[in-house]
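Have a look at the structure below before the remarks.
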Amino acid sequence: MAGTPEQTTVNQVAKLARIHLNEQQIESSAEKLAQILGYIGQLDEVELPEDVTPFFGAIESVNAIRDDQLQASVPRKEILDNAPDSDGEFYLVPPVF
Amino acid sequence: MEDSDLTSSSNPPSNDRLAVQFNDAEIIIGLEVHVQLDTISKLFCGCSTQFGEAANSQTCVVCTGMPGALPVINQRALELSIRTGIALNCSIARSTKWDRKNYFYPDLPKGYQISQFDQPICGPGHLDIEVPETPGKLRQIRIERAHLEEDAGKSIHDESSLGQDSKIDLNRTGTPLLEIVTQPDIRTAAEAKAFLSELKLILNYIDVSDCNMQQGNLRCDANVNLHIPLGDHQIATPIVEIKNLNSFRSVERSITYEAQRQFEAWQEHGLTITDAPKQTRGWNDHAQATTLQREKEDSADYRYFPDPDLIAVTIKESQIKQIQKQLVQLPTELRKTLVEQYKLNPEDAAAIVSQGRGVVDYFSEVADGCQDSRIANNWIGQEVLRQLKESNQTIQQYPLSPKQFTELLNLVIDGTLDQTRGKEVLNEMVEHSISAQQAIEQLGIKPVDKNELVSLCEKLIDENQEVVEQIRAGNGKAIGMLIGKARKINPNANPGAIKALLSKMISQ
């Protein structure tokens, strides 16, 4: 499909997400994506010293670790109530195949 | 997969292709093994990992991916991963981080799986394996990496083809898995099976996983293709990933099937690795064939990126040393010990070690106790293992302690009990959980006095002159008939002693 690089990306992600977008939705999503990429792209302008090491998070701390201990799970009814559909035991989703 | 020395000239003339034999092709195999780590709680939350509980009874806001819920890594999962890495000769990362692997499927509630992309907890290593067909010959299979990730949930699809809803159980969601990835170093289906057997044994020995394949605690994907010589170069067939193999037999059979299928497909259409993308196939156990699944999504399609909800974990040298120090003897070392220290032959040593650490410990204690490792091996390797198999028990549940067993073997070694009576005593001991002495009393086994034995032999010789003549004529085996008769008259008579006495009397 012809279009901007962002439109191509939107189409690709929609396909992976198995959702259908109409022309208008593709266009508006691509516009938003372009805005976001433009905003993030400002980072490319930052000049970094040679020896800087990559950093992967927003905070510098490491090692938030928990012991292997049980904690109470959420009661089934309560958790299933969040789903669009269930039979009281399982989540129900449209057939995958 | 390796394809550096391959030319990309595809579609050679079909006559050339048809001239190639299947046996000329080399099978290239790499494995991805998912091991469920033995933790009581999930990888990033405190929900239970217990198998077989009521559907959706073990989930929370973290493992169902509710907005704002924060995952926190499980200490034991880290430790078990490091332990595995050390056992597989892997380098252990000093800093490791988590990434999101994005894909959409109903049993993945967050829309991504927390996995590790570029900084796995375990780096390159290797595992040496021995294939039963070529004993004594070790093959080194390189490990590329091992990374921690969370499992997905379970989908139950409607198979009535009425298009009914699929059911989703998220109990398994978030269970810790270690994915161990090999280099494409495996060359035969038998090697793949040997690799998995050895890996499973190691994981059992180091208490990382129970590797229960029925419960899906050890799952395997196999990447398979062929290198085929063609004139002065070689071509490679398109790579196929066979998914979700959950038994050693399916691994072995699916690879054998897939290699043959790829060869025939190549002979027919000549497509090579450069012509077709990696394909995903599933193993159909019923049809004993691999069948085409969806096209493999490109790695980039998963849009991996660092998980902003999790921070890196640093691992200190001292932590690795500590775990290393606690590591038990591995199967390879134990086989060596049994051969060198206990003088077992390599096959017997391998058989004992393959039964798990419990049996090895049992054997060592009995062999040390009775000072005869050959007899200990015979009795444990045959009688004990058979009894365990029949009663579907583990060695930990076996009613006789190594000390009690030693007591029995000592009576066999000093001649008080012959093999047959010894086995009767053993059965009696196991059945009633009693000592060897008690069993001997219950069975009414009494030592036979020398004079009694002599008169028994005299009687046998008198009554069986024909047999005696046969023996005198050189038919040594005929003596067995007399021993059998003696045992009928007096079951306590030691066959060895009767044989010696009869031989002496007959030759006089």
Side-chain angles (χ1 to χ4, degrees), chain A residues 5-6 8-21 29 33 36-37 39-41 43 52-97, chain B residues 39-41 44-48 54-61 63-64 66 70 72-79 95 97-99 102-107 109 111 119 153 155-158 162-171 297 301-303 305-308 310-315:
Chain A
E6 286 79 16
T8 312
T9 305
V10 167
N11 275 313
Q12 172 69 1
V13 174
K15 193 182 129 209
L16 290 171
R18 297 182 175 93
I19 54 173
H20 178 74
L21 299 180
S29 300
L33 184 61
I36 295 166
L37 292 177
Y39 176 70
I40 299 292
L43 286 174
V52 74
T53 46
F55 191 68
F56 295 100
I59 46 171
E60 287 205 34
S61 67
V62 291
N63 296 348
I65 296 170
R66 48 173 273 272
D67 285 338
D68 182 25
Q69 276 168 4
L70 293 181
Q71 277 182 339
S73 294
V74 176
R76 178 160 73 187
K77 185 178 179 321
E78 210 174 299
I79 204 106
L80 287 178
D81 278 349
N82 291 284
D85 198 6
S86 84
D87 64 1
E89 254 187 296
F90 293 94
Y91 297 90
L92 296 180
V93 297
V96 179
F97 296 116
Chain B
T39 60
I40 58 167
S41 71
F44 296 111
C45 65
C47 288
S48 168
N56 293 304
S57 63
Q58 295 167 176
T59 65
C60 71
V61 293
C63 55
T64 57
M66 296 294 176
L70 280 180
V72 186
I73 184 80
N74 183 329
Q75 162 72 30
R76 183 166 160 84
L78 287 173
E79 194 185 314
S95 173
K97 75 178 220 311
W98 275 266
D99 302 276
N102 300 276
Y103 67 92
F104 296 97
Y105 205 73
D107 59 24
Q119 290 183 24
S155 304
I156 302 161
H157 301 297
D158 173 42
L162 294 173
Q164 304 211 5
D165 285 342
S166 292
K167 294 173 167 186
I168 310 291
D169 174 8
L170 297 182
N171 278 354
E297 286 169 308
D301 272 351
Y302 288 128
R303 292 159 291 129
F305 64 88
D307 191 320
L310 285 154
I311 52 179
V313 167
T314 56
I315 300 163

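Note that the structure is a prediction, hence the values are computed from the model and not measured. Throughout, a chain's letter reflects where its sequence line sits, starting with A, and its residues are numbered from 1.
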So, for A:Arg66 and B:Cys45, which heavy atoms are closest and what is the spacing to 0.1 Å? NH2-O, 3.0 Å
Does any backbone or side-chain atom of B:Ala54 lie under 4.5 Å from a heavy atom of chain A? Answer side chain, backbone, both or neither. both
Report which part of B:Ile156 has an atom under 4.5 Å of a heavy atom belonging to chain A: side chain, backbone, both, or neither. side chain
Of all heavy-atom pairs linking A:Pro95 and B:Ser166, the shortest is CA-OG, 3.8 Å
Taking every non-hydrogen atom, the tightest pair across A:Asp68 and B:Ser41: OD1-OG, 2.6 Å
Contact class of B:Leu78 relative to chain A, heavy atoms under 4.5 angstrom: side chain
Rounded to the nearest 0.5 Å, the CD1 atom of A:Ile65 sits from the CZ atom of B:Arg76 at a distance of 15.0 Å
Nearest 0.5 angstrom please: A:Tyr91 OH to B:Thr64 OG1, how far? 5.5 Å
Identify the heavy atoms of B:Phe104 and A:Leu16 that sit nearest to each other, and give their distance. CD1-O, 3.3 Å
Nearest heavy-atom approach of B:Thr314 to A:Val62 is OG1-CG2, 4.0 Å
Under 4.5 Å from a heavy atom of chain A, the part of B:Glu79 involved: neither
Quick check for you: to the nearest 0.5 Å, what is the distance between B:Met66 atom CE and A:Asn82 atom CG? 3.5 Å
Please classify the contact of B:Asn56 with chain A as side chain, backbone, both or neither, using a heavy-atom distance under 4.5 Å. both
Let me know if A:Ser61 has heavy atoms under 4.5 Å from chain B in its side chain, its backbone, both or neither. both
Under the side chain to side chain donor-acceptor pair (under 3.5 Å) test, residues paired with B:Asn171 that sit two or more places apart: none
Kindly indicate, with the supporting measurements, whether the criterion side-chain contact (heavy atoms from CB on, under 4.5 Å) is fulfilled by B:Asp301 and A:Gln12. CA-CA 9 Å; B:Asp301 272 351; A:Gln12 172 69 1; 2.9 Å; yes
Side chain / backbone / both / neither for B:Phe305 at chain A, heavy atoms under 4.5 Å: neither
Can I get a per-line list of side-chain donor-acceptor pairs under 3.5 Å for residues 69-79 of chain A, giving both atom names and the distance, sequence neighbours left out?
residue	atom	partner	partner atom	Å
A:Arg76	NE	A:Gly88	O	3.3
A:Arg76	NH1	B:Ala55	O	2.6
A:Lys77	NZ	A:Asp81	OD2	3.0

Look up atom OG1 in B:Thr39 and atom CG in A:Asp67, then write down how far apart they are to the nearest 0.5 Å. 12.5 Å
Given that the side chain runs from C-beta out, which part of B:Pro106 has a heavy atom under 4.5 Å from chain A: side chain, backbone, both or neither? side chain
Quick check on B:Lys97 against chain A: is it the side chain, the backbone, both or neither that has a heavy atom closer than 4.5 Å? side chain
I need the minimum non-hydrogen distance between A:Leu92 and B:Asp165, along with the two atoms involved. CB-OD2, 3.9 Å
